[in-house]
Amino acid sequence: MQKMLLGLAAGLLLIAGWAGAQAADASGIKAIKQVSETEKCVAPKEEMRRTHMQKILHQRDETMYKGVRTTRHSLQSCVNCHVAKDDKGQAVDINNPKHFCSSCHKYTAVSIDCFQCHNSKPTDPVVTQPIVGNPDFIHPVPLKSSAEVSQ
Amino acid sequence: MSNTEQPQTCQCDGDSCDNQRRNFISKTAAIAAGTVVAPGIFLHQVAQAKNAAEAATDAVRWGILVDTTKCADGCTDCIKACDERNGLTKENRPEIAAHWIRKVTLRDKATQKENSLPLMCQHCEHPPCVDVCPTGASFKRPDGIVLVDKHICIGCRYCMMACPYKARSFVHEAITDQKAHAPRGKGTVESCTMCVDQVDQGGQPSCVTGCQHGAMLFGDLKDPESAIAKKLKEINSVQLRADLSLNPGIRYHGL
């Protein structure tokens, strides 16, 4: 138990340290837009730091087994909003230490395999209009545009 | 003896009994039409377009009818549409390339008649690939689409052995620049997904829309009013290897 608490404290310190480093560094990785005036990310920043993994892993099973296609916690939507650019203005991929996810994961010694399959760059045009009924529904790949893009 | 007993009679007199039943039926109909699952979602819409937040149900079963009499010999439009949509690149290493859909020529040994047809995952009702999977990665969605959950696929390839249609491929090499809607990676098995993310949004598989000859028809096999169900009622169609009793969701006309 003591070990766990120590671990937790170390983890939090690490993240706090990372956030500090980001704040100190003027070129810290900014997301390309905010969800709303009050909410910058899909949940408050503090909550995201602690529980983003649960959110994405839950979404993964919802999508995979049930075909739920909401985008709030979709992995693709994180990637579409948290875009880091290199010196040439091109979006960087996960191998680049500047990539949003790897920047913090490197610091906190987390290694994920997600981007062996998932594209870590915002490849598709992000739609902002909901498609079917649900105002929460902003699919990264609109039906119409996938045909347009291929032309 | 029980069969000599009086037939069961209704407690009330015939007329009011009938009325009650009619009342009951019309009320249930009203409820069915108006039941709100969540704001803006009505139960009776399930069979048409699924809301993004809604789970796929077994109220539908997706299927494709292939008209082999229209499928042109040597045409690979469906394959091209599939490759493009799902980011399957095969130009540099054809021997290990993934195939989600192939063009196959069947020849009747007795008559020598040849038929050209597209062959992909047949989305069986009783899929052998699901039976043999040791991790549960190979699974069937309630709406009949058979998928690999690559998150728990260990790449053992039992499913590839079990599939009588040779529909599955193994990814041998690291992949980069995948399509955002079709994550793919080394060490896992994959096959036709019926373009599941498009279908979830009320769209159709890309092979179907990519076919220039109108040889493929996609739809809900369970809805008697759907175009595919009507067509299946009208024309002859077969399932490949029907002898295996897998009840595939893909049917072929003209074989």
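Bear in mind that the values here come from a model prediction, so they are computed numbers and not experimental data. Atoms considered below: every heavy atom in the structure, side chains included; atoms not considered: hydrogens, waters and symmetry mates. In the text below, chain A, chain B and the rest are named by the order of the sequence lines, each starting its count at 1.
- Distance check: Lys186(B) NZ to Asp113(A) CG gives 13.0 Å after rounding to the nearest 0.5 Å.
- Remark: His58(A) NE2 is loosely packed, at most 12 non-hydrogen atoms of other residues, nucleotides or ligands lying under 6.0 Å away.
- Looking at heavy atoms from C-beta onward, Met64(A) lies in side-chain contact with Leu147(B) at the 4.5 angstrom threshold.
- Nearest heavy atoms, Arg141(B) versus Gly67(A): NH1-CA, 3.1 Å.
- Residue Lys106(A) qualifies as enclosed at atom NZ: its count of foreign heavy atoms under 6.0 Å is above 12.
- The 12-atom threshold is not exceeded at NZ of Lys231(B), counting heavy atoms of other residues, nucleotides or ligands nearer than 6.0 Å.
- By the neighbour-count criterion of 12 heavy atoms within 6.0 Å, atom NZ of Lys140(B) is densely surrounded, having more than that number from other residues, nucleotides or ligands.
- More than 12 heavy atoms of other shown residues, nucleotides or ligands fall within 6.0 angstrom of atom OH in Tyr65(A).
- For the pair Gln178(B) (side chain) and Gln116(A) (backbone), a donor-acceptor distance under 3.5 Å is present.
- Interatomic distance, OG1 of Thr70(A) versus CG of Asn51(B), reported as 9.5 Å (0.5 Å rounding).
- Taking NE2 of His151(B) as the reference point, atom CG of Leu57(A) lies at 8.5 Å (rounded to 0.5 Å).
- Neither the backbone nor the side chain of Ala174(B) has a heavy atom closer than 4.5 Å to any heavy atom of chain A.
- In this structure the side chain of Pro183(B) reaches within 4.5 angstrom of the side chain of His118(A), judged on heavy atoms.
- Taken from OG1 in Thr176(B) to CG in Asn95(A), the straight-line distance is 9.5 Å, to the nearest 0.5 Å.
- A 4.5 Å side-chain heavy-atom check between Asp177(B) and Lys121(A) finds at least one atom pair inside the cut-off.
- Here the shortest heavy-atom pairing between Arg69(A) and Asp200(B) reads NE-OD2, 2.8 Å.
- Other residues, nucleotides and ligands place more than 12 heavy atoms under 6.0 Å from the CE atom of Met48(A).
- Counting all heavy atoms, side chain and backbone alike, Val68(A) lies closest to Glu54(B) at CG2-O, 4.0 Å.
- From Thr63(A), atom OG1 reaches atom CG of Asp197(B) across 10.0 Å, with rounding to the nearest 0.5 Å.
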